[in-house]
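Comments concern the structure below.
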Amino acid sequence: MCKHILNAQVAIRAACCKKWFDCAECHQEIENHPLQKNVEMVFACKKCKKVFRKDITDYDESDEYCPHCDNHYVIKAVTQESKEIQKFENLVKEVKQ
């Protein structure tokens, strides 16, 4: 489970070490080498558990969905920081009412 992106919808296979990670920050924390950038990315959908590839040089809006189950995996990331900001904003709204 990723501690950086709390709502990660896919795992990403790192081209450099062929290991699976939820995000680039997870790779950076675990591995002792930089994440290799590649034009072809390999994803594993967390909803249907199927693997698929995407060419990022030819990426459009339809590529934001798993080709197997149509899970929308390109979504706004929820991080611990964003959750704290949302709590604070909700508290401010309550105080103003």
Side-chain angles (χ1 to χ4, degrees):
M1 177 138 235
C2 182
K3 67 180 183 183
H4 307 104
I5 302 173
L6 305 178
N7 61 337
Q9 300 294 304
V10 292
I12 302 166
R13 187 170 184 225
C16 45
C17 56
K18 309 292 189 234
K19 295 179 184 175
W20 292 95
F21 298 93
D22 285 329
C23 73
E25 289 85 4
C26 288
H27 178 276
Q28 184 177 344
E29 285 182 0
I30 296 169
E31 298 299 323
N32 60 0
H33 61 269
L35 181 63
Q36 178 185 338
K37 296 190 185 337
N38 200 349
V39 295
E40 183 182 71
M41 295 187 69
V42 181
F43 299 98
C45 179
K46 291 189 174 187
K47 183 176 180 184
C48 70
K49 311 293 188 223
K50 293 187 179 175
V51 175
F52 58 97
R53 297 173 187 271
K54 294 287 182 179
D55 180 345
I56 61 169
T57 61
D58 186 31
Y59 199 87
D60 64 27
E61 191 175 312
S62 66
D63 292 318
E64 295 181 0
Y65 297 85
C66 171
H68 303 288
C69 72
D70 214 29
N71 182 29
H72 192 200
Y73 68 91
V74 179
I75 58 176
K76 184 178 179 181
V78 174
T79 63
Q80 191 60 41
E81 182 180 351
S82 69
K83 285 179 74 176
E84 294 300 321
I85 290 170
Q86 185 63 49
K87 285 180 188 177
F88 177 75
E89 289 173 350
N90 290 341
L91 181 62
V92 169
K93 286 179 187 175
E94 287 178 22
V95 169
K96 286 184 176 181
Q97 290 178 353

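Computed from a predicted model, the values in this text were never measured in an experiment.
When ring centroids are compared, F43 and Y73 come within the 6.0 Å threshold.
For the residue pair Y65 and K54, the shortest heavy atom distance occurs at O-NZ, 4.0 Å. For the pair C45 and C48, the tightest heavy-atom approach, listed with the atom from each and the gap, is SG-N, 3.6 Å. Annotation for P34 and C16: closest pair O-SG, 3.8 Å, computed over non-hydrogen atoms. Considering every non-hydrogen atom in both H68 and V51, the closest pair reads NE2-O, 3.3 Å.
Q36 is not listed as a side-chain neighbour of C17, based on a closest heavy-atom distance of 4.5 Å or more. At least one side-chain heavy atom of F52 sits less than 4.5 Å from a side-chain heavy atom of V10. Contact annotation: the side chain of F21 never approaches that of R13 to less than 4.5 Å [non-hydrogen atoms, C-beta and beyond].
Under the 4.5 Å side-chain heavy-atom criterion for grouping Ile, Leu, Val, Met, Phe, Trp and Tyr, L35 is not connected to M41 through any hydrophobic cluster. Under a hydrophobic-cluster definition in which Ile, Leu, Val, Met, Phe, Trp and Tyr are linked whenever side-chain heavy atoms come within less than 4.5 Å, directly or via other members, I12 and I56 are assigned to the same cluster.
Taking the charged nitrogens against the carboxylate oxygens, E25 and K3 have no contact shorter than 4.0 Å, which rules out a salt bridge. For the pair K46 and D22, the salt-bridge criterion is met [side-chain N within less than 4.0 Å of a carboxylate O].
Within a 6.0 Å radius of CD in E29, more than 12 heavy atoms belonging to other residues, nucleotides or ligands are found.
Judged purely by distance below 3.5 Å, without hydrogens or angles, the side chains of H72 and Q9 never pair a donor atom with an acceptor atom.
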Notebook entry, point to check: Yes or no on side chain to side chain contact (heavy atoms under 4.5 Å, CB included) for H4 and C26, after CA distance, side-chain angles and deciding distance?
Noted result: CA-CA 8 Å; H4 307 104; C26 288; 3.5 Å; yes
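With hydrogens and angles disregarded, no donor-acceptor distance shorter than 3.5 Å links the side chain of D58 to the backbone of D55.
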